[in-house]
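Read the structure below first, then the notes.
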2 protein chains.
Amino acid sequence: MPAKRVPDIVVARLPLYLRALSAMQHSGKEFTSSQEMAQWLGISSAQIRKDLSHFGEFGKQGTGYSITGLQQKLRQILNLEREWPIIIIGAGNIGSAIANYPGFAHRGFRVCAVFDNDPRKIGSHIGRYEVYDVRELPTFVRRHGIQLAMIAVPAESAQEVADLAIAAGIKAILNYAPINLSVPDHIRVENIDPVLHLQHMTYYLA
Amino acid sequence: MPAKRVPDIVVARLPLYLRALSAMQHSGKEFTSSQEMAQWLGISSAQIRKDLSHFGEFGKQGTGYSITGLQQKLRQILNLEREWPIIIIGAGNIGSAIANYPGFAHRGFRVCAVFDNDPRKIGSHIGRYEVYDVRELPTFVRRHGIQLAMIAVPAESAQEVADLAIAAGIKAILNYAPINLSVPDHIRVENIDPVLHLQHMTYYLA
DNA sequence: CAGTGTGAAAGTCTTCACAGCT
DNA sequence: AGCTGTGAAGACTTTCACACTG
């Protein structure tokens, strides 16, 4: 469906559009326009139209976009018509919080296991997940064909567990450790480090 | 110190440089080069030099940058020579996890209070923080002159607590709720939504 | 001679503005 | 009338490549 090669920055905005559409759907509306979405998201309407135009023509002139229709298209584009299993590596504060985060379920993801290397944590429960020994990770990942991992271990161990996960077949990593992972070209990594955001904002504070 | 107006995208990379420098410092080195940092971060050396050139000349030709010297400069630029107090709004999974996250302390921030509106949580303890009634937030923020807040409440309440916090004097918000906050122009907001990152990555997975 | 700082060139991304459809 | 989809223009960002310095 992508006509040519779509810029990564455009792909990054699609989930945002999807999120806005969900909120609009909740408010019971049936159609929306690039203008309305733009206002909602604080960006320009031209950008939204241009972004979507990379993938096809989803709107009706004079009317706008069907909210459910566009959601469906975006889910197709982002491969969200299936549910993706994810593993969490690290059963500390962050690992526990994301394991119990209810926000994944309705947006295409299902946490299916939590791993740690601390004998005191292995076998214990986090919400409804038993914590497994990280040594069982390779077998687990291979057996279930899992491609997504979230890393929530201390910075010192992050590269090590990333290597382990990649060797086992993981293709994309959401990394919560405050460190830059080095990975092969075909592996995707996205990072979440709240401190980076805070430090960015303090630049603008008196 | 900023010669002219520095692009926001440049400011956003400075914390990344700071993080890389900390890691290098730990490995005992004294000097680094734009090339070494670039390799570490997976970006180009020219970009690093250009970014830094917006703020002054920090390197020595032939030698590179003093690791501690550059760290100090970046801390100055980002206003990180003081320690910033932050409040957390929301004492659920995410709020608790970030309250206990040890990564803030050495990077310029100190969590100083946690608020919630749930009577069952108010008065209870999260790590070493007592959870306060959100109705005490305005007084607390004013009395201590707090400018930074992290919002970790459900999406439905996020706009409401953001409004409350802003009215009390909060100037910058790190928002964990999966929703776009609308705020006045002079307030800065950054968002963390792991699902957005995951959905971005599934685009590239088979 | 290794490595910075920087104009100029190349590349990328956003906005404009309007033809054309409903 | 209202709103999309889109070339072309404009703005912004990155990279190049080299004069210069310790």
Side-chain angles (χ1 to χ4, degrees), chain A residues 1-17 20-21 24 29-74 77 180 200 203, chain B residues 1-17 20-21 24 29-74 77 180 200 203:
Chain A
M1 201 160 309
K4 298 183 177 181
R5 170 70 125 296
V6 180
D8 184 62
I9 194 169
V10 170
V11 177
R13 278 191 294 263
L14 302 184
L16 220 51
Y17 300 161
L21 289 166
M24 288 176 174
K29 299 190 38 119
E30 193 172 347
F31 282 85
T32 186
S33 63
S34 60
Q35 275 117 130
E36 193 182 31
M37 290 177 68
Q39 184 153 34
W40 190 287
L41 292 165
I43 62 180
S44 83
S45 63
Q47 181 159 80
I48 294 175
R49 294 200 302 280
K50 181 69 104 187
D51 284 355
L52 295 177
S53 76
H54 284 95
F55 303 94
E57 311 196 352
F58 307 136
K60 279 216 249 304
Q61 275 107 331
T63 314
Y65 303 89
S66 149
I67 290 177
T68 54
L70 185 52
Q71 273 183 297
Q72 203 168 294
K73 287 294 183 186
L74 290 174
I77 294 164
N180 267 78
H200 179 184
Y203 176 82
Chain B
M1 198 161 312
K4 297 185 177 179
R5 170 70 124 299
V6 181
D8 184 61
I9 194 168
V10 170
V11 177
R13 277 191 294 263
L14 301 184
L16 219 51
Y17 299 162
L21 288 166
M24 288 176 175
K29 299 190 38 119
E30 192 171 348
F31 283 86
T32 186
S33 63
S34 60
Q35 274 116 133
E36 193 183 29
M37 291 177 69
Q39 183 153 34
W40 190 285
L41 293 165
I43 61 181
S44 83
S45 63
Q47 180 160 79
I48 294 175
R49 293 200 302 279
K50 181 70 108 187
D51 284 354
L52 296 176
S53 77
H54 284 97
F55 302 94
E57 311 197 352
F58 307 135
K60 281 216 249 301
Q61 274 107 330
T63 314
Y65 303 89
S66 148
I67 289 177
T68 55
L70 186 52
Q71 273 183 296
Q72 202 167 293
K73 288 293 183 187
L74 290 173
I77 293 165
N180 268 78
H200 179 183
Y203 176 82

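Side chains included, hydrogens not; waters and symmetry mates left out as well; all remaining heavy atoms used. Residue numbers start from 1 in every chain, and the chains themselves are labelled A, B, ... in the order their sequence lines are given, proteins ahead of strands.
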Close N or O pairs between protein and nucleotides 14-18 of chain C (under 3.5 Å):
from: C/dT14; atom 1: OP1; to: A/R13; atom 2: NH1; distance (Å): 3.1
from: C/dT14; atom 1: OP1; to: A/Q47; atom 2: NE2; distance (Å): 3.2
from: C/dT14; atom 1: OP2; to: A/R13; atom 2: NH1; distance (Å): 3.4
from: C/dT14; atom 1: OP2; to: A/R13; atom 2: NH2; distance (Å): 2.9
from: C/dT14; atom 1: OP2; to: A/Q47; atom 2: NE2; distance (Å): 3.2
from: C/dT14; atom 1: O5'; to: A/Q47; atom 2: NE2; distance (Å): 3.3
from: C/dT15; atom 1: OP2; to: A/S44; atom 2: OG; distance (Å): 2.9
from: C/dA17; atom 1: N6; to: A/R49; atom 2: NH2; distance (Å): 3.3

Residues in side-chain contact (heavy atoms from CB on, under 4.5 Å) contact with B/Q35, at least two apart in sequence or another chain: B/S33, B/S45
Angle between the end axes of the helix from C/dC1-D/dG22 to C/dT22-D/dA1, five pairs per end, to the nearest 10 degrees? 20°
Rounded to the nearest Å, what distance is computed from the CG atom of residue A/L70 to the P atom of nucleotide D/dC3? 16 Å
Rounded to whole angstroms, how far apart are CG on B/L52 and C1' on D/dT13? 16 Å
Would you mind reading off the distance between A/Y17 atom OH and D/dT4 atom P, rounded to a whole angstrom? 13 Å
side-chain contact (heavy atoms from CB on, under 4.5 Å) against A/A12, all qualifying residues, sequence neighbours excluded: B/H200
I need the CD-C1' distance between A/Q35 and D/dG2, as an integer number of Å. 8 Å
Which value, rounded to the nearest 0.5 Å, describes the distance between A/T32 atom OG1 and A/I48 atom CD1? 8.5 Å
To the nearest angstrom, the CZ-P distance between A/F31 and D/dC3 comes to 12 Å
Euclidean distance, atom CZ of residue B/F55 to atom C1' of C/dT4 [Å, nearest integer]: 17 Å
Salt bridge (charged side-chain N to carboxylate O under 4.0 Å, His left out) partners for B/R13, two or more places apart: B/D51
Between B/G64 and A/D8, which has a closest nucleotide on DNA chain C that is more 5'? B/G64
Considering only distance and modelled atom types, tabulate donor-acceptor pairs under 3.5 Å from the side chains of residues 58-67 of chain A, sequence neighbours left out.
from: A/S66; atom 1: OG; to: A/G69; atom 2: N; distance (Å): 2.9

Between the protein and nucleotides 19-22 of chain C, are there any N/O to N/O pairs under 3.5 Å, and if so, what are the atom names and distances?
from: C/dT22; atom 1: O4'; to: A/Q61; atom 2: O; distance (Å): 3.3

OH of B/Y65 versus P of D/dG22: gap in Å, rounded? 14 Å
Residue pairs, two or more places apart or on separate chains, that pass salt bridge (charged side-chain N to carboxylate O under 4.0 Å, His left out) and touch residues 36-49 of chain A: A/K29-A/E36
Between C1' on D/dC16 and CD1 on B/I48, what's the gap in Å once rounded to a whole number? 16 Å
List in chain and number order the residues that pass side-chain contact (heavy atoms from CB on, under 4.5 Å) with A/A20, two or more places apart in sequence or in another chain; answer none if no residue qualifies. A/W40, A/L41
Assess whether atom CD of B/Q72 is packed by more than 12 heavy atoms of other residues, nucleotides or ligands within 6.0 Å. no
